[in-house]
Amino acid sequence: MERIELLQGTLDLLILRTLQLGPMHGHAIAKAIEFRSDEVLQVEQGSLYPALHRLIKRRWISAKEGTSENNRRAKFYALTFRGRRQLTVETSKWDKLARAIAQILRPGEQEEA
């Protein structure tokens, strides 16, 4: 199956949206994104963990040590109040970007809708 590379900043949005479901460890976040995208989007560790650290630095998510479902130590990430607000902002930006791209790719369809 063909995988699609994510635009810069899109991964942050997907992580915030995924954590809206509740706290998760890194591997679970990656798997949730893959599952919810019907396996089209694949999140590599080399992209995921820098994004998580970036989101912690912005205080959009928090991290807490815990035990995973297979009894391993893991860091669990959770959406903060600030992150919930930012999710709304980022979702709005994404919707605007998607509409703009659609207007360019399918100009006739946008006028009819």
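Count residues from 1 along the sequence. Predicted model, so just to flag it, every value in this text is computed and none were measured. Heavy-atom basis, side chains included; hydrogens, waters and symmetry copies ignored.
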Close side-chain approach of Met24 to Thr18, heavy-atom, < 4.5 Å = yes
For Asn71, the side chain to side chain donor-acceptor pair (under 3.5 Å) test, sequence neighbours excluded, returns none
Give, for atom CG of Asp12 and atom CZ of Arg17, the distance between the pair rounded to the nearest 0.5 Å.
-> 15.5 Å
CG-CG distance between Leu87 and Leu19, expressed to the nearest 0.5 angstrom | 9.5 Å
Going hydrophobic residue to hydrophobic residue with side-chain gaps under 4.5 angstrom, can you get from Leu11 over to Leu21?
-> yes
Under 3.5 Å, is there a donor-acceptor pair between the Glu69 and His25 side chains?
-> yes
Look at the side chain of Ser92 and the backbone N and O of Thr88, then say whether any donor-acceptor pair between them is shorter than 3.5 Å.
-> no
Linked, directly or transitively: Phe35 and Leu13 (ILVMFWY side chains, under 4.5 Å) | no
Starting at OG1 of Thr10, measure out to CH2 of Trp94 and round the result to the nearest 0.5 Å.
-> 4.5 Å
Which value, rounded to the nearest 0.5 Å, describes the distance between Arg85 atom CZ and Glu90 atom CD?
-> 13.0 Å
What's the spacing between Arg82 CZ and Arg59 CZ if we round to 0.5 Å?
-> 4.0 Å
Of Val43, Leu52, Leu79, the residue whose pairing with Ile15 passes side-chain contact (heavy atoms from CB on, under 4.5 Å) | Leu52
Is Leu55 reachable from Phe81 through a run of I, L, V, M, F, W or Y residues, each pair having side-chain heavy atoms under 4.5 Å apart?
-> no
Would you find a donor on one side and an acceptor on the other, under 3.5 Å apart, between the side chain of Thr80 and the backbone of Trp60?
-> yes
Can you check side-chain contact (heavy atoms from CB on, under 4.5 Å) on Tyr49 and Lys75, steps first, answer last?
-> CA-CA 11 Å; Tyr49 289 98; Lys75 197 175 280 190; over 6 Å; no
OH (Tyr77) and CD1 (Ile29) are apart, to the nearest 0.5 Å, by 7.0 Å
